[in-house]
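Some notes on the structure that comes next.
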Amino acid sequence: MTLAEFFSCSLLAFGAPLVMFSLTVANDPVRIIIMIAAAFGWLLSFLLSSLVWYAVVPLRSYLAFGMVFAVIFQEGFRYGMYLLLRKTEEGLKEISENHNIGSNKLEMAYVSGLGFGTMSGAFALVNVLADSVGPGTLGLHNGTEYFFVTSAAMTLCMILLNTFWSVIFFSGFDDKNYLKVGWVILSHFFVSGLSLLNSRELYAATIIPSYIVLLITAYIAFRSAGGSTAKLVQSLTSRS
Amino acid sequence: MDLTRLPNDKKLQLCRWYFKVGCLLLPFVWAVNAVWFFKEAFMKPPYDEQKQIKKYVVMSATGAAVWVAALAVWVTVFQLQRVAWGPTGDSLSFIVPLGRA
Amino acid sequence: MSDTGSESEIEEATEHTALMDGHIAEARPDREIAERIARKRKTKSDNQQSYGSVERTEGGASGAAGTSASNPPPPQPPADAQIEELELKYGARHVIKLFVPVTLCMLVVVATISSINFYSVKDVYLAYTPFHEESPYAVTKVWNALANSMILLSVIALMTVLLIVLYKKRCYKIIHGWLILSSLMLLFLFSYLYIEEALRAYNIPMDYITLVFVMWNFGGMGMIVIHWKGPLRLQQAYLIFIAALMALVFIKYLPEWTTWAVLAVISIWDLIAVLTPKGPLRILVETAQERNEPIFPALIYSSTVMYCLAATTPPPPGEPRARELRPLHPHGRGTADERRAARESGGAGDAAGFDAAWQARAQQQRRLRVDSSQPPRYTTRLERSPAPAQQPALDDEEKGVKLGLGDFIFYSVLVGKASSYGDWNTTLACFVAILIGLCLTLLLLAILKKALPALPISITFGLIFYFATRCVVKPFADALAAEQVFI
Amino acid sequence: MASFSYKVLLLILCTFTLAHSERLHEQIYSSIEGGAACFRRLNGTHQAGCSSADNGAVGVVHMIKEINDAQWLVQNGSAGPYMAVVSTVQFYDVIEIFMQQPENVAGILLYDNATDSPTAFSQESRCPNEYSSASGSTCSSTVAGGIVWNTKGTGLLRRDIPFPIFYLPQSKSDEIDKIQLCYEKFNLDKSNQKGNPLCSLQLNSFMFAAVNSEVCLRRSASSALLNPTKVCDPLGDNNVYYSLFPRTEETKSSKPVTLVTARIDTASLFDGVSPGAASSVVGMVTLLTAATTLSQLIPAKDAHLYEQNVLWTLFNGEAFDYIGSQRVAYDISKGMWPAAAPLSPADIRLHVEIGQIGGALSNTNNDSSWPFHAFVPYTNIIPEINEFLDMMTSNAKPYNTPVITPEFTMNLPPSSLHSFRRILKNVTESGELPEVLLADHSNTFTNLFYHSALDEYGKIYFSYKNLTISNTGVFISTDELLANGTLKQGDPQVKIARLATTLARTLYQTVTGSAYSGNISASAHLVDEMLYCFLQSQACRLIMAADYASGGGSSPPASAAPLYVGVAAWAGTAPVFAAHLLALLTGAQLPANRTVCDSLAEPGFSYYWLRGWNHSGVCIQTTMNMSAAVSPAFAITDYDLKSGVYSSWTESVWQAMSARVFVSAGGGGAGAAAAAGATVTVLAALLTYWLHRHADRIFAAPAASIVNDDAASGILRTVNC
């Protein structure tokens with residue numbers, strides 16, 4: 001019963017990322033490395049933000065405070081990731097043969113975003129999942145038995161959001177389009193802020209807007225990756 | 001260790017060696033031998049040692065199968081009869097389950 | 001090809017021949033190999049002799065590496081740029097090839113720790129850790145831990161010296177005997193322990209007959225596959241399992257804080273032993289170089305082989321100490337410094353292998369076999385130009401990142417220890433930190449082109465993240481999880 | 001707008017703080033503290049008691065208010081298995097229902113309700129120790145009809161219970177309230193429990209041993225090579241004995257003894273809660289007090305004057321087929337007891353057993369009456385017994401109590417006499433070793449809480465008076481206490497004191513041959529203290545004084561001393577306390593310091609350095625001693641445990657006992673997650689695959705493609721690792 005809960009929640013949270021990983025990343029060592037590096041970057045950002053949260057004792061009880069710093073640090077490290085990738089790319093330009101770097105910028109963005117998101121998702125969920133194994137579920141004091149589902153759903157949302165955010169973020173910096181960057185940061189703040197409502201069990205109020213944001217972000221990412229609906233439709237029609 | 005680079009006589013030697021070793025109550029070795037040399041024995045274009053290799057592979061496979069069957073039978077018998085056997089069952093047991101007969 | 005056929009086989013011969021063959025395998029047809037084997041059979045009668053022969057063949061081998069002209073000329077060396085790039089590419093691939101086994105090893109350990117609590121309870125301790133940290137005072141605990149780790153370290157140092165002496169005296173028999181014993185111990189005693197605890201954890205009845213039969217088969221196959229030859233995958237499985245067992249034994253039988261102290265101390269020792277000019281491992285390397293023979297090279301995990309790693313010593317005495325990374329040295333670059341790099345690295349690797357996982361040296365030859373067997377998978381390159389297509393395949397055999405099993409064990413110890421406290425975030429953090437550390441080490445390797453210890457960076461990262469996560473991150477993460485705040 | 005709404009949120013959130021940052025686990029589970037679990041004991045042929053599965057038994061909470069609830073639970077409970085939460089009042093009615101159909105029962109949580117407590121509660125069999133009782137006892141728990149001693153007994157103590165049972169004492173009522181709350185929140189709608197989140201309980205009391213003593217002992221002996229596991233231990237502890245005059249090899253033959261015995265131990269189904277007030281403590285305290293009094297009546301130094309001796313003995317482990325008395329009888333038959341100066345049956349003039357005498361106190365708590373029955377298992381007249389009974393009656397005269405009605409019957413109530421009559425058959429039955437049993441009931445127990453967790457001090461209406469003891473160890477006399485109204489005629493202290501006095505004077509008469517004329521009598525104050533020590537708190541004056549001076553001053557816990565016999569592996573506290581009390585109260589105080597005291601060694605005596613009344617340490621010279629109370633079954637080599645000659649009880653080993661309450665998922669969450677997860681994953685797979693394949697066409701070349709090989713090799717040189 002509860003094992004079922006465990007597995008279905010893991011599937012919900014990590015199924016999609018896993019598929020994306022195995023289809024697009026797994027077959028290329030370099031991408032794997034980038035992804036792990038991104039994960040590590042997220043880890044560092046989280047470490048810093050928790051340091052701040054931990055250091056400022058009086059505000060420790062306000063998660064909102066910690067959340068704000070976490071978001072700021074994450075975006076900071078996203079930028080750091082951007083710089084890193086760009087720099088390495090610069091540094092290695094000469095040994096690269098005739099190859100347009102432009103095409104794989106956003107690809108790196110995607111990969112690193114996936115790494116970023118997966119790590120954050122994992123940190124958000126692993127312990128929850130670990131607790132979901134065992135006979136009990138939430139509800140003795142507060143919460144409902146849907147806690148785990150909502151948590152998994154939010155995790156998935158965050159993972160995908162991070163992926164797309166990175167894409168948008170990178171392209172935003174590439175073509176100096178700071179609106180995109182702004183959107184990334186603001187929507188990040190928005191979603192995280194929303195999730196503060198979870199503590200009052202307003203799960204619907206959190207999840208639905210988050211997924212709307214996810215859709216918008218996904219579309220923007222798609223566009224900024226150079227994709228267009230027309231071409232998508234065309235590809236569909238032509239193939240099928 | 002890859003077989004493709006082995007000269008055929010070596011393959012044969014290896015296969016035979018594995019078979020011989022398998023005779024020391026080592027069906028696992030037989031199983032490995034069978035799986036390992038399966039390609040050599042049946043997939044490869046024929047060469048002169050292949051016949052023998054085939055023989056050894058088949059023998060190892062059957063031997064391993066027999067052993068597995070025997071072991072399975074023994075284990076089932078033991079699990080079913082352990083309690084009935086009483087003291088013998090316990091003295092045969094390496095792990096006696098806690099809290100039940 | 002080594003003379004595997006004869007059942008009565010002297011290990012020395014195999015490894016040396018192995019190396020040689022490894023170099024030439026690509027170039028020469030089987031017939032020639034066969035006859036060279038025949039030649040070696042003759043010379044194999046006595047060791048000294050065979051070394052002589054090795055001497056020769058070694059020359060030939062290094063010739064293949066483009067040093068002397070006396071040998072068939074190596075395939076045309078490609079342009080530097082291309083090589084660089086190939087390197088990076090293979091570098092990347094090698095990194096992954098390291099990640100996979102390391103991850104598997106950690107996985108086994110973590111799974112065991114979290115399912116069988118026998119390995120996480122402290123009751124008995126190693127003889128080498130006399131202080132059991134029972135006192136409630138942190139200070140006492142700390143010095144206990146330090147004292148323990150120092151004792152362990154001195155044991156290790158002693159071992160190394162002993163090994164140097166043995167090696168200098170060329171008593172290979174003793175070395176091999178020791179090796180066999182240690183692997184026997186691991187394969188039978190520790191796996192017996194493992195089986196017992198697993199069965200007990202799940203309360204499954206089992207009889208001695210089955211046990212003996214299974215153990216005998218498992219152990220026997222293990223000995224064959226580790227000391228002699230067998231299918232690669234099986235060998236890899238065995239080696240990873242052995243590494244995991246070793247790590248589990250350390251986790252179980254080292255006192256709480258000693259484990260951490262040991263991890264730290266070992267990685268420092270690693271630095272010293274490998275980098276300082278008079279470091280013991282370095283000395284070993286030098287002797288090896290003088291004799292111009294590859295000492296048990298297979299102890300080191302070479303990324304070109306899928307996991308060809310091995311290290312087993314009984315937990316009390318030696319602990320696996322193969323912790324060098326061997327730089328990729330591009331094939332066919334005849335410049336002096338390159339050769340030095342190659343030699344050094346090779347030596348380092350050997351040294352590592354030497355005192356680390358003894359019984360695995362025989363695998364060198366297997367390893368090379370394996371490499372060459374690996375189908376060149378770099379499709380893009382292949383498609384483009386056939387000429388380089390060969391190149392990678394060839395390169396892929398001699399170069400490659402080499403990593404001792406000791407690293408696997410200590411990485412697993414760290415992650416397993418972290419997981420034994422039941423906080424998965426910590427485990428995850430340590431895991432990623434270690435991988436990144438490994439990655440950085442490899443990066444340094446690509447830049448410095450000299451043998452590097454693999455523990456320091458990874459373990460440092462691992463320790464930092466372990467303690468940081470436990471003290472600082474965990475409360476925050478738990479708060480976030482409890483309140484379902486997503487950042 | 002995003003930023004705006006975010007600001008709003010921040011404003012909202014900064015108003016209330018998010019306090020607890022605990023791990024989720026604490027929110028899901030709430031452990032139930034202070035529960036006592038029913039555990040498993042084994043005898044030669046069967047296993048008795050409870051065990052859970054090794055990861056605990058989980059069941060849906062169901063509060064049993066009346067029998068119908070139990071019926072519903074076993075018959076048409078849909079979301080089972082269930083965890084029945086039963087109060088001690090309902091227990092007697094419902095337990096059989098559960099025992100008959102255990103399929104739907106995961107376990108029972110038994111709680112003692114402060115407001116209404118049951119009129120009877122006993123898990124002992126209807127015929128305690130039926131299978132080790134002597135010939136002539138007609139009690140049979142299986143055959144219907146006929147008189148049974150323990151009418152209200154459920155026999156659970158001797159039956160194999162297919163589910164775990166936990167017991168919550170009154171003090172833990174808050175835990176029950178917790179469960180009640182959870183139950184009312186989730187489980188009230190009995191009709192559609194299935195598929196909904198339900199309040200559940202997990203009881204974890206996994207027992208290692210199984211089948212019977214023979215098997216479990218065998219398995220304890222033969223186990224895996226590297227780390228063997230112990231599975232069960234034999235029950236047992238120590239007997240305590242004390243003779244009025246020192247008995248040495250040379251004097252023993254000359255002085256026939258009167259053997260006065262009682263039992264120390266009691267039993268209960270649950271681990272750690274075996275108060276046994278009426279079952280055993282009253283008898284033991286009576287004996288101790290009587291011994292004290294007699295030692296005051298006859299100073300030990302007058303030993304040479306008299307040709308009689310009195311041997312006071314406290315048996316242990318009597319609850320489980322008379323472990324203690326069987327051992328003593330066996331040793332006597334082998335001429336090995338007492339170790340220092342073995343008795344032969346011929347030496348025993350009379351054996352007086354103080355049986356279960358506490359039960360009647362509950363019926364007669366407001367008057368001074370305390371009816372007794374003296375069971376005399378002889379058809380022919382035995383002079384010693386009649387003489388003894390007459391003396392008792394005469395000595396009881398001063399207080400118009402106790403009244404002793406002799407019962408000439410072969411059907412003896414459970415008592416150590418059974419052991420003697422079985423093992424020393426020829427001497428006892430012929431009357432060479434005459435035996436008499438003092439009990440407070442004729443054919444059925446007056447104690448309705450025999451061997452149960454509820455057999456507490458309240459049941460004998462004992463209330464502690466907490467009077468101070470003088471530094472010299474002089475106790476206030478009963479009459480004084482009655483005079484100043486501290487105690488009433490009906491108080492158990494007074495009754496016990498008077499019984500003790502009667503007994504002591506009777507024995508004085510038997511020893512000296514002349515009736516006692518002095519006015520020394522047992523002190524109700526002493527009884528008060530003693531009862532308090534054994535029934536309420538071990539941290540009492542007497543035990544403090546009687547403890548080893550070298551005890552390090554660590555005071556024992558302020559809880560009733562556990563009277564369950566326990567396993568022979570280590571000594572329980574109760575016999576030690578009893579022994580030290582005997583030593584302190586009856587022994588002679590020598591003016592010796594510690595070193596001297598330890599060096600002293602006079603035959604027939606043993607020396608103890610105890611704290612003493614003013615905790616300064618005293619050297620006590622006493623004839624008190626202890627002997628092993630381990631069944632002969634475990635002493636005899638190659639004894640057949642199945643034979644049933646001697647007690648063969650063993651106790652299972654267990655690791656942890658825990659209980660926790662939580663809400664079990666109805667499966668809605670899992671289902672939703674599974675469905676959503678599957679769809680999302682498949683969707684993601686398709687989308688990614690499609691984009692992957694047509695990357696070049698969808699994403700404007702040379703713009704980003706999610707994957708293609710050029711790009712891949714491009715990255716190769718963008719990052720070097």
Side-chain angles (χ1 to χ4, degrees), chain A residues 28-30 32-33 36-37 39-40 42-43 46-47 49-51 53-55 60-61 63-64 66-71 73-74 92 94-97 119-131 143 147 150-151 154-155 157-158 188 191-192 194-199 201 203 206 210, chain C residues 80-100 114 303 377 379-380 384 422-440 442-443 461 464-465 468-469 471-487:
Chain A
D28 179 353
V30 178
I32 299 177
I33 291 165
I36 295 176
F40 187 69
W42 187 88
L43 211 56
F46 193 65
L47 176 57
S49 35
S50 44
L51 267 174
W53 177 79
Y54 197 79
R60 213 177 277 178
S61 55
L63 269 182
M67 186 270 285
V68 173
F69 273 93
V71 173
F73 276 117
Q74 279 184 75
L92 292 166
E94 65 272 12
I95 56 162
S96 67
E97 300 152 348
M119 199 61 193
S120 71
F123 252 64
L125 203 61
V126 273
N127 279 333
V128 175
L129 283 178
D131 286 335
F147 176 89
T150 49
S151 163
M154 268 314 276
T155 312
C157 182
M158 288 312 283
H188 195 166
V191 174
S192 300
L194 266 184
S195 68
L196 285 169
L197 290 177
N198 279 338
S199 55
E201 301 182 26
Y203 293 123
T206 317
S210 311
Chain C
D80 287 12
Q82 200 176 349
I83 287 167
E84 270 302 331
E85 153 197 345
L86 286 172
E87 250 178 60
L88 295 169
K89 192 150 132 210
Y90 302 132
R93 207 164 278 282
H94 295 323
V95 173
I96 298 309
K97 285 179 177 174
L98 284 185
F99 280 4
V100 174
S114 46
S303 70
R377 291 179 18 227
T379 49
T380 52
R384 290 231 178 89
D423 176 35
W424 291 96
N425 283 348
T426 320
T427 319
L428 207 58
C430 289
F431 173 65
V432 172
I434 284 179
L435 286 194
I436 284 297
L438 194 52
C439 208
L440 285 182
L442 294 171
L443 191 58
F461 274 26
I464 291 173
F465 269 86
T469 316
C471 311
V472 183
V473 176
K474 191 176 181 298
F476 189 44
D478 286 350
L480 288 176
E483 300 294 340
Q484 281 301 291
V485 177
F486 289 82
I487 53 164

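Note on naming: letters A, B, ... go to the chains in the order of the sequence lines (proteins, then strands), and numbering restarts at 1 for each one. Below, each value reflects all heavy atoms present in this structure, side chains not excepted, and no hydrogens, waters or symmetry copies.
Here the closest heavy-atom approach between residue A/H188 and residue C/I487 is recorded as NE2-C, 3.4 Å. Annotation for A/F123 and C/V473: closest pair CE2-CG1, 3.8 Å, computed over non-hydrogen atoms. A pairwise comparison of heavy atoms in C/G422 and A/N127 identifies O-OD1, 4.5 Å as the closest pair. Minimum heavy-atom separation, C/A481 to A/V128: CB-CG2, 4.0 Å. In plain terms, the two heavy atoms of A/Y54 and C/C471 that are nearest each other are CE1-O, 3.7 Å.
Summarising the geometry, atom CG belonging to A/L63 is positioned 5.5 Å from atom CG belonging to C/L480; distances are rounded to the nearest 0.5 Å. Residue C/Q484 holds its CD atom at 5.5 Å from OG1 of A/T150, rounded to the nearest 0.5 Å. Rounded to the nearest 0.5 Å, atoms SG (C/C439) and CD1 (A/I36) are 7.0 Å apart. Considering CG of A/L43 and CD1 of C/I436, their distance stands at 9.5 Å, rounded to 0.5 Å.
Residues forming a ring pair (Phe, Tyr, Trp, His ring centres under 6.0 Å) with A/F69 (at least two apart in sequence, or on another chain): A/F65. Residues that satisfy the side chain to side chain contact (heavy atoms under 4.5 Å, CB included) test with A/S210, not counting sequence neighbours, are A/M154, A/C157, A/V191, A/L194, A/T206.
With hydrogens and angles ignored, the 3.5 Å screen pairs no side-chain donor or acceptor of C/N425 with any backbone N or O of A/V126. Although no hydrogens or angles enter the test, the distance criterion places no donor-acceptor pair under 3.5 Å between the side chain of A/S50 and the main chain of C/V472.
Aromatic ring pairs are classed by plane angle as parallel below 30°, tilted from 30° to 60° and perpendicular above 60°; the pair C/F465 and A/F40 is tilted.
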Verify side chain to side chain contact (heavy atoms under 4.5 Å, CB included) between C/V485 and A/N198, making sure each step is shown before the conclusion. CA-CA 7 Å; C/V485 177; A/N198 279 338; over 6 Å; no

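Counting heavy-atom pairs closer than 4.5 Å to chain C, the top-ranked of the candidates A/L125, A/L129, A/T155 is A/T155.
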